[in-house]
There are 2 protein chains.
Amino acid sequence: MTTIRQVSKLAGVSVATVSRALQKPDMVSESTRKKVITAAEEVGYQPNMMAVKFRNKKSFAILVLVPDVSNPFFSKIISGIQTQAKKKGYNVILGNTANDLATEQELANMVFTNQADGIIQLAARNPLIDNIRHATVPIVNICDCVTDGSMPVIRLDNNGAAKAIISHFADLGHNRIAAIMGPDGSPITEQRLSGYLDGLKEQKIDIIESLMERGDYSMESGAIAAGKLLAHEVRPTAIFCFNDEMAIGAIHEIRNQGLRVPDDISVAGFDNLNFSRFMDPPLTTIRQPNAHFGQHAVEMLFEMISQQGQSVESLTLPYELIVRKSTTKAKP
Amino acid sequence: MTTIRQVSKLAGVSVATVSRALQKPDMVSESTRKKVITAAEEVGYQPNMMAVKFRNKKSFAILVLVPDVSNPFFSKIISGIQTQAKKKGYNVILGNTANDLATEQELANMVFTNQADGIIQLAARNPLIDNIRHATVPIVNICDCVTDGSMPVIRLDNNGAAKAIISHFADLGHNRIAAIMGPDGSPITEQRLSGYLDGLKEQKIDIIESLMERGDYSMESGAIAAGKLLAHEVRPTAIFCFNDEMAIGAIHEIRNQGLRVPDDISVAGFDNLNFSRFMDPPLTTIRQPNAHFGQHAVEMLFEMISQQGQSVESLTLPYELIVRKSTTKAKP
DNA sequence: CTGAAAGCGCTTACAG
DNA sequence: CTGAAAGCGCTTACAG
């Protein structure tokens, strides 16, 4: 490890001057700057970032709290976060929480021990809310939105997107439109659910309680929920799944029971995973701008970090309905 | 920010004693320990980790270099790394490289600026090889193996797994077995390729050059490669894709051309993505113990970090052939 | 424009 | 068992 001291000796200047020449070049004369830079290169100087961070009381790191890194929806967002953070010279510390509150709080505590300058939270709660100092912590939320107003949020118009799906089904002549929802209490689920209900009302389609099943956003749960829907005396003619993974599970189960998609039952998802356009049939779904979520989150977080105290506006990003072959006209 | 000094005042002892009471409890007397702990709790003391890391010259962080975080195969491994690292009190810094060497080197440089204590590399090269000090850096490799012996590797028996696929096809009576390979120069591709060739020899099946196409492990490339294979006068009866994503793309294309899987063509993949058992047809593939890859990598890395200099053994983890419905008997 | 000095918050030999 | 002191490698007011 070469230090600033060695550079200073070789260049024949003080350590203060080395620091200035390297970090604030216009505070030193042209000639010393050159001397210093030459010396630094000669000894292969690289600042000890641990010392820099300690001294500056900045970690140059952001913590990302994510329920499950290996969830493809999240991992795309993380990819966007990473890209944007790197541009700003920040590191991304990965915090896999498995949706465990204690884990979230423990990880979030890193902002209080100077290990992170801010937090991007991908789950629907504020892990800091119990902490006295929480108001001072830069934190933003994406995806499953924190609805208590305790932090700025980057969200999709989930309600509008769900209505767009229902409207699409209605255009195709469907009037028994089932829903495979997410778990109770998830804001994202609530929003899509209200969009589903609003959509049905707008289209003057009866709301049938028994056509609404809960899943947990996994493929397995989609298959199970679809199984329940198919057991009804009168089956749905279309199913709106609150994410692509449940749609994949649902289609799997529908097929298992000898029915066809879309001929017997139309199925739509939500998220537009990479995979969704390659499956059979390709899935009608809602595209979310995942990478943009990540990028905007980083931008917002930096705004909060720099102009601390100032509140930052929440942001709603646009969705896009993508019609593929998993949905078709209702049989007359 | 409360510091050790405030605790020391409140407890009426020196800062040295506070440090000892908190970090090396058995170096102080029972009574002082209690005093200190009480005082620490009272002021809500949490050590400034920036200072601790700086002082100890340890970052308590490992850097994970990954070509693409949002690749489901990688993200599962990362999940395993994260879990294991957290157990040891280490943070995971995420380094998305997009397979760009300059980015890898820049990120890898973090070990020289004390921002990371070691590296887990998921791509097939040593980003430090040009650095004079590279021999001193704890680094391990997973997945697409670094074959130059410059670091320990955690690998799958790719050759054996590929042979198992061929053997499975042969058992089903196939004798025109195509391959959709990965890109030239990827060690993992080479290993699966040699397994494919070895397998064909063992089964006394002719090797047909024109039945071997390259992809880049993406679904798109799988579809394109399948298109080329289908254009042959005599089509293959089975296709071994070097990963699940290319298999997904291939099946998509086969269907597009009005053929059936597995009735007309059997398809096998490699990786066993979550999704593979829910697709239609469910995919015959090789299960890799992804999370274990991550866990073992962390273990190995810690071994290297602690007993520096000592070389650590590479490790080969077992594969498992998973037979599903995408493969069936060859038509007579 | 430049240098000497203080200090960020810890830990640890050293002495008692 | 405990304390005073040094020091990790930087940056920055302060003085010149």
Side-chain angles (χ1 to χ4, degrees), chain A residues 1-40 43-61 89 109-117 133, chain B residues 1-40 43-61 89 109-117 133:
Chain A
M1 210 47 215
T2 84
T3 71
I4 202 170
R5 160 130 267 113
Q6 297 165 51
V7 179
S8 84
K9 281 195 182 134
L10 187 60
V13 297
S14 72
V15 293
T17 300
V18 174
S19 174
R20 290 191 195 103
L22 263 22
Q23 310 306 329
K24 320 247 167 108
D26 35 77
M27 283 184 72
V28 302
S29 75
E30 173 83 22
S31 63
T32 37
R33 195 188 321 144
K34 278 187 182 154
K35 264 194 300 188
V36 169
I37 289 172
T38 312
V43 299
Y45 173 68
Q46 298 198 283
N48 178 340
M49 288 309 290
M50 231 66 279
V52 173
K53 292 172 179 178
F54 168 52
R55 168 61 226 234
N56 291 337
K57 295 184 191 305
K58 281 205 83 183
S59 67
F60 300 103
N109 193 49
M110 291 176 75
V111 296
F112 296 121
T113 57
N114 294 313
Q115 299 187 87
D117 296 338
R133 288 181 286 165
Chain B
M1 211 45 217
T2 84
T3 71
I4 203 170
R5 160 130 267 113
Q6 297 165 51
V7 179
S8 84
K9 283 200 180 128
L10 187 61
V13 297
S14 72
V15 292
T17 301
V18 174
S19 174
R20 291 193 195 102
L22 265 21
Q23 310 307 329
K24 319 249 166 104
D26 35 76
M27 283 185 71
V28 302
S29 74
E30 172 84 20
S31 63
T32 37
R33 194 186 324 141
K34 278 187 182 155
K35 265 194 301 188
V36 169
I37 288 172
T38 312
V43 297
Y45 173 68
Q46 298 198 285
N48 178 339
M49 288 308 292
M50 231 65 277
V52 173
K53 292 172 179 179
F54 168 51
R55 170 57 226 235
N56 292 335
K57 294 183 192 305
K58 282 204 83 184
S59 66
F60 300 103
N109 193 49
M110 291 177 75
V111 296
F112 296 121
T113 57
N114 294 314
Q115 298 186 88
D117 296 338
R133 289 180 286 166

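Throughout, protein chains are lettered first and strands after them, A, B, ... in sequence-line order, and every chain is numbered starting at 1.
- Residue B/Ser29 has no polar side-chain atom (N or O) positioned under 4.0 Å from OP1 or OP2 of D/dC1.
- Among the nucleotides D/dC10, C/dC10, D/dT2, the one closest to any side-chain atom of A/Asn48 is D/dC10.
- In this structure, CZ of A/Phe112 is placed 17 Å from P of C/dG9, rounded to the nearest angstrom.
- One interatomic measurement links the two molecules: OH of B/Tyr45 to C1' of C/dG9, which rounds to 7 Å at whole-angstrom precision.
- B/Lys58 comes within 4.0 angstrom of nothing in the nucleic acid, heavy atoms only.
- Looking at A/Val7 and A/Val15, their side chains never come closer than 4.5 Å, going by heavy atoms from C-beta outward.
- Across the protein-nucleic acid pair, A/Lys34 atom NZ and C/dT2 atom P stand 14 Å apart, rounded to whole Å.
- The interatomic distance linking A/Ile4 (CD1) with D/dG9 (P) rounds to 11 Å, in whole Å.
- The nearest heavy atom of DNA chain D to A/Ala16 and to B/Gly12 marks one nucleotide each, and the one closer to the 5' end goes with B/Gly12.
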Kindly determine whether A/Tyr45 and A/Gln6 satisfy side-chain contact (heavy atoms from CB on, under 4.5 Å), including the steps that lead there. CA-CA 9 Å; A/Tyr45 173 68; A/Gln6 297 165 51; over 6 Å; no

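- The base of D/dG3 sits within donor-acceptor range of the side chain of B/Arg20, with an N or O pair under 3.5 Å.
- Between B/Val13 and B/Val18, the closest side-chain pair of non-hydrogen atoms falls below 4.5 Å.
- Summarising the geometry, the separation between CE on A/Met49 and P on D/dC10 is reported as 10 Å, rounded to the nearest angstrom.
- Residue contacts for B/Met50: at a heavy-atom cut-off of 4.0 Å it reaches no nucleic acid atom on any strand shown.
- Using a 4.0 Å heavy-atom distance criterion, B/Arg5 is classed as making no nucleic acid contact.
- The closest side-chain heavy-atom distance from A/Met50 to B/Met50 is below 4.5 Å.
- Residue B/Asp26 is the one, among B/Asp26 and A/Gln46, whose nearest nucleotide of DNA chain D lies closer to the 5' end (criterion: closest heavy atom).
- Taking only side-chain nitrogens and oxygens, B/Thr17 never comes nearer than 4.0 Å to OP1 or OP2 of D/dC1.
- Once the 5.5 Å centre distance and the 30° plane angle are applied, the aromatic ring of A/Phe54 is found not to be stacked with the base of D/dC10.
- Heavy atoms of A/Lys53 sit nowhere under 4.0 angstrom from any nucleic acid atom.
- For the pair B/Met27 CE and C/dT12 P, the interatomic distance rounds to 9 Å; values are reported in whole Å.
- Comparing the C1' positions of C/dT12 and C/dG16 gives a spacing of 16 Å, expressed to the nearest Å.
- Applying the 4.0 Å criterion to OP1 and OP2 of C/dT11, one finds that B/Lys57 has every side-chain N and O outside that range.
- Once rounded to the nearest 0.5 Å, the distance linking OG1 of B/Thr113 with NZ of A/Lys53 reads 7.0 Å.
- Atom CG of A/Leu22 is separated from atom CD of A/Gln46 by 11.0 Å, given to the nearest 0.5 angstrom.
- Taking atom CG on B/Asn56 and atom C1' on D/dC8, their separation rounds to 10 Å, with Å as the unit.
- Rounding to the nearest 0.5 Å places CD1 of A/Ile4 at 13.0 Å from NZ of A/Lys9.
- If you take CG on A/Asp26 and CZ on A/Arg33, they are separated by 7.5 Å, rounding to the nearest 0.5 Å.
- The distance between atom CD of A/Gln6 and atom P of D/dC8, rounded to the nearest whole Å, is 12 Å.
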Represent DNA chain C in dot-bracket notation, 5' to 3'. Only Watson-Crick or G-U wobble pairs with both distances under 3.5 Å count; pseudoknot-style crossings use [ ] and interstrand partners use |. |||.||||||||.|||

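- For B/Thr32, a side-chain nitrogen or oxygen approaches OP1 or OP2 of D/dT2 to under 4.0 Å.
- A close approach under 4.0 Å does not occur between any side-chain nitrogen or oxygen of A/Lys24 and OP1 or OP2 of D/dT11.
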Give the intermediate values and the outcome of side-chain contact (heavy atoms from CB on, under 4.5 Å) for residues B/Met110 and A/Met49. CA-CA 9 Å; B/Met110 291 177 75; A/Met49 288 309 290; over 6 Å; no

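- In the set C/dA6, D/dA4, C/dG3, the nucleotide with an atom closest to the side chain of A/Ser14 is C/dG3.
- Along DNA chain C, the nucleotide nearest A/Lys35 and the nucleotide nearest A/Val15 are compared for position; the residue whose nucleotide lies closer to the 5' end is A/Lys35.
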